[in-house]
Amino acid sequence: MKILVIGSGGREHAICRRLSHDSPAPELHAAPGNPGIAQLATCHDVAVSDLDGQVRLARELAVDLVVVGPEAPLVAGAADRLREAGFAVFGPSAAAARLEGSKSWAKEIMQAAGVPTAASVTVTDPAELEAGLDRVNPLGDVPYVTKADGLAAGKGVVVTAERDEALAHAASVLAAGGTVVLEEYLDGPEVSLFCVCDGEHVVPLAPAQDFKRALDGDEGPNTGGMGAYSPLPWVPEGLVEEVMETVARPTVAELAARDIPFVGILYCGLALTSRGVRVVEFNARFGDPETQVVLERLVSPLGPLLLAAARGELVEEPLAWSEDAVVNVVIAAEGYPASARTGDPITGIAEAEARGAHVIHAGTALRDGELVSVGGRVLSVVGRGADLAAARQTALAAAELIGLEGSHHRTDIAVRGAQGLPSLNPTANIEDDAEESADAQSSGTGADGQVRA
């Protein structure tokens with residue numbers, strides 16, 4: 001099988017890595033790829049935003065399957081263009097990708113499908129902001145949550161205890177011509193569950209938990225994700241099937257009833273609140289940094305699974321999973337997430353992998369033969385072990401061997417998980433960030449220190 005993967009980040013490197021382990025291994029191509037992906041696939045100089053170029057490349061290569069990684073080209077219609085050209089595509093149409101591209105539309109779909117989520121109000125008029133906040137947070141005793149409606153490259157969400165800050169953020173979004181979604185605050189730990197969909201059938205992958213704060217102890221500014229782990233020993237028994245029955249299947253069925261088949265990954269961002277499971281967000285693609293740990297545990301072949309979904313032939317049978325634990329520690333550039341420094345040499349990858357970890361490239365490039373940083377989240381160091389404690393030890397020991405001036409990483413990824421406890425997760429409403437190309441520009445925190453996603 002010949003597969004073309006669209007994208008250049010850690011998510012796409014993790015996808016290519018797992019595809020390369022299929023037997024027989026597929027012939028892999030990537031556009032544009034990165035230095036890590038280039039070790040597994042033939043990379044082509046076609047930008048993620050060049051939808052016409054992607055169609056031309058798929059034709060030239062005569063590929064059997066195209067996997068579209070990032071959200072931006074999906075929302076822009078990359079999957080539509082490729083399907084119209086006759087290719088099997090794993091990735092939703094632009095219409096279905098609105099689940100990620102428009103928070104207000106996603107709320108409409110959830111309401112119609114009976115999916116449990118945070119109460120919300122969509123606002124287009126500044127005069128309605130105060131009343132909207134009062135509806136979703138009448139006592140003002142929990143943080144206020146304001147979200148820009150569309151894709152915002154990681155800058156669209158503010159969670160703050162200060163009402164004036166929430167109003168100011170919402171007003172700025174409206175002033176820029178956008179729409180605001182005001183949400184009820186969600187307590188409890190967060191879980192990420194990826195579901196493979198073919199427009200009708202749904203197959204869940206293994207749950208994972210990511211870490212969005214920059215510093216140990218879930219402190220510091222919000223980021224696109226500083227690490228992740230799987231499995232989750234603390235999740236309630238039957239959680240995956242509950243999410244399938246109350247979230248994933250109803251959502252896919254509602255879209256199908258509207259003649260908008262969802263083909264690809266339905267990323268269910270969930271909060272396990274004191275009142276039960278609630279959807280924080282939907283994404284229309286694999287998430288980063290969770291993909292690195294979820295696909296590492298997958299034993300079932302990945303290529304045939306994605307091809308079956310693309311062809312509408314998905315079989316709802318359980319997948320095979322390794323009992324091993326996997327921990328991902330993200331190496332971030334100096335200044336990330338406020339303003340990441342780029343262009344610094346990277347060393348130590350071979351030494352890190354000699355310690356038993358593997359290293360995923362996210363924000364890297366080759367310049368005059370030297371590997372350098374070009375993004376905020378630069379590398380993921382992935383450790384595997386018989387349990388979370390062993391996987392943590394492998395990942396952290398390997399991460400210490402990476403040389404990148406000024407870089408930082410968390411040392412507490414999965415430490416609570418190894419104790420059978422979830423992350424403290426103080427901001428459950430915070431959403432998964434945009435692709436790596438946005439990391440260097442993501443705002444993190446403002447001068448006032450409020451959390452932004």
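- With rounding to the nearest 0.5 angstrom, the CZ atom of Arg213 is 6.5 Å from the CG atom of Asn222.
- Counting only N and O atoms by type, the side chains of Gln54 and Asp50 include no donor and acceptor under 3.5 Å apart.
- A donor-acceptor contact shorter than 3.5 Å links the side chain of Arg83 to the backbone of Val89.
- The backbone N or O of Pro207 sits less than 3.5 Å from a side-chain atom of Ser230, completing a donor-acceptor pair.
- The existence of a salt bridge linking Glu71 and Arg285 is confirmed by a sub-4.0 Å separation between a basic side-chain nitrogen and an acidic carboxylate oxygen.
- Between Arg258 and Glu108 there is a salt bridge, since at least one side-chain N of the basic residue sits less than 4.0 Å from a carboxylate O of the acidic one.
- Within the 4.5 Å cutoff, the side chain of Leu255 has heavy atoms near those of the Leu99 side chain.
- The pair Glu184-Arg278 does not meet the salt-bridge criterion, since no charged nitrogen lies less than 4.0 angstrom from a carboxylate oxygen.
- Using modelled atom types, no side-chain atom of Asn328 and backbone atom of Val293 make a donor-acceptor pair closer than 3.5 Å.
- Remark: the backbone N or O of Thr273 is not paired with any side-chain donor or acceptor of Asp187 at under 3.5 angstrom.
- For Ser380 (side chain) and Val330 (main-chain N/O), no donor-acceptor pair under 3.5 Å exists by modelled atom type.
- Heavy atoms of other residues, nucleotides or ligands lying less than 6.0 angstrom from CZ of Arg135 number 12 at most.
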Check against side-chain contact (heavy atoms from CB on, under 4.5 Å), Val279 and Cys268: CA-CA 7 Å; Val279 174; Cys268 303; 5.7 Å; no
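- Proximity of Val68 to Leu82: side-chain heavy atoms (C-beta onward) are separated by under 4.5 Å at one or more points.
- Side-chain contact between Ile37 and Cys43 is present, with heavy atoms from C-beta onward closer than 4.5 Å.
- Ionic pairing of Asp198 and Arg311 is not present here: no N-O contact between side-chain nitrogen and carboxylate oxygen is shorter than 4.0 angstrom.
- Contact between Ala284 and Ala97 at its shortest, heavy atoms only, is CB-CA, 4.0 Å.
- Among Ile3, Val196, Val5, the single residue meeting the side-chain contact (heavy atoms from CB on, under 4.5 Å) criterion with Phe90 is Val196.
- Considering SG of Cys195 and CG of Leu314, their distance stands at 10.5 Å, rounded to 0.5 Å.
- Under a cut-off of 6.0 angstrom, the local environment of CG in Asp259 is sparse, with at most 12 non-hydrogen atoms contributed by other residues, nucleotides or ligands.
- Taking CG from Asn283 and CG from Leu266, the interatomic distance works out to 9.0 Å, rounded to the nearest 0.5 Å.
- Between the CZ atom in Arg98 and the OG atom in Ser93 there is a gap of 11.0 Å [rounded to 0.5 Å].
- Leu74 has its side chain within reach of Pro92: a pair of non-hydrogen atoms, C-beta onward, lies under 4.5 Å apart.
- Counting heavy atoms from C-beta outward, Val243 and Leu270 have side chains that approach closer than 4.5 Å.
- With salt bridges taken as basic N to acidic carboxylate O contacts below 4.0 Å, one links Arg410 and Asp218.
- Side chain to side chain, Gln209 and Ser423 fail the donor-acceptor criterion of an N or O pair below 3.5 Å.
- For the ring pair (Phe, Tyr, Trp, His ring centres under 6.0 Å) criterion with Tyr267, the lone passing option out of Phe194, Phe286, Phe282 is Phe194.
- Listed by chain and number, the residues in a ring-ring contact (aromatic ring centres under 6.0 Å, His included) with His361 are His13 (sequence neighbours excluded).
- The two residues Val294 and Ala206 have their closest heavy-atom pair at CG2-O, 3.5 Å.
- Atoms NE2 and SG, on His29 and Cys16 in that order, are 11.0 Å from each other to the nearest 0.5 Å.
- Looking at Arg377, its side chain never comes within 3.5 Å of a backbone N or O of Ala332 through a donor-acceptor pair.
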Yes or no on side-chain contact (heavy atoms from CB on, under 4.5 Å) for Tyr336 and Met226, after CA distance, side-chain angles and deciding distance? CA-CA 11 Å; Tyr336 178 77; Met226 292 298 293; 4.0 Å; yes
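- A donor-acceptor pair under 3.5 Å is absent between the side-chain atoms of Arg81 and the main chain of Leu51, judged by distance alone.
- Other residues, nucleotides and ligands contribute at most 12 non-hydrogen atoms within 6.0 Å of the CD atom of Gln111.
- Lys103 has its side chain out of reach of Glu281: every pair of non-hydrogen atoms, C-beta onward, lies at least 4.5 Å apart.
- Considering Thr179, Asp149, Thr122 as possible partners of Ser102, the one that fulfils the side-chain hydrogen bond (donor to acceptor under 3.5 Å, both in side chains) test is Asp149.
- Under a 4.0 Å N-O distance rule, the pair Arg17/Glu296 qualifies as a salt bridge.
- Surrounding CD of Glu323 are at most 12 heavy atoms belonging to other residues, nucleotides or ligands under 6.0 Å away.
- Summarising the geometry of Val382 relative to Gln292, their closest heavy-atom pair is CG2-CB, 4.1 Å, with the distance given to 0.1 Å.
- The shortest heavy-atom contact between Ala118 and Lys107 is O-NZ, 2.9 Å.
- Shortest non-hydrogen contact noted between Val327 and Ala414 is CG2-CB, 3.9 Å.
- Between Leu305 and Leu319, the closest side-chain pair of non-hydrogen atoms falls below 4.5 Å.
- Closest of all the heavy-atom pairs between Pro143 and Val159 is CB-CG1, 3.8 Å.
- With values rounded to the nearest 0.5 angstrom, Ile331 atom CD1 is found 13.0 Å from Thr364 atom OG1.
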Can you list the steps and then say if Arg384 with Ser322 is a side-chain hydrogen bond (donor to acceptor under 3.5 Å, both in side chains)? CA-CA 10 Å; Arg384 183 169 179 160; Ser322 169; 2.9 Å; yes
I would like to know whether Ile15 and Leu19 meet side-chain contact (heavy atoms from CB on, under 4.5 Å); could you show each step before the answer? CA-CA 6 Å; Ile15 291 169; Leu19 287 170; 3.8 Å; yes
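- Under the 3.5 Å distance criterion, the side-chain polar atoms of Asp64 are left unmatched by any main-chain donor or acceptor of Met1.
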As a quick check of understanding, evaluate side-chain contact (heavy atoms from CB on, under 4.5 Å) for Val252 and Glu200, giving each step before the final call. CA-CA 7 Å; Val252 171; Glu200 179 182 0; 5.7 Å; no
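- Other residues, nucleotides and ligands contribute over 12 non-hydrogen atoms within 6.0 Å of the CD atom of Glu128.
- Side chain of Thr160 to backbone of Ala166: no donor-acceptor contact under 3.5 angstrom is found.
- Using a cutoff of 4.0 Å between basic side-chain nitrogens and carboxylate oxygens, Asp412 and Arg392 are not scored as salt-bridged.
- Counting heavy atoms from C-beta outward, Arg11 and Pro70 have side chains that approach closer than 4.5 Å.
- In this structure, Asn34 contributes its side chain and Gly36 its backbone to a donor-acceptor pair below 3.5 Å.
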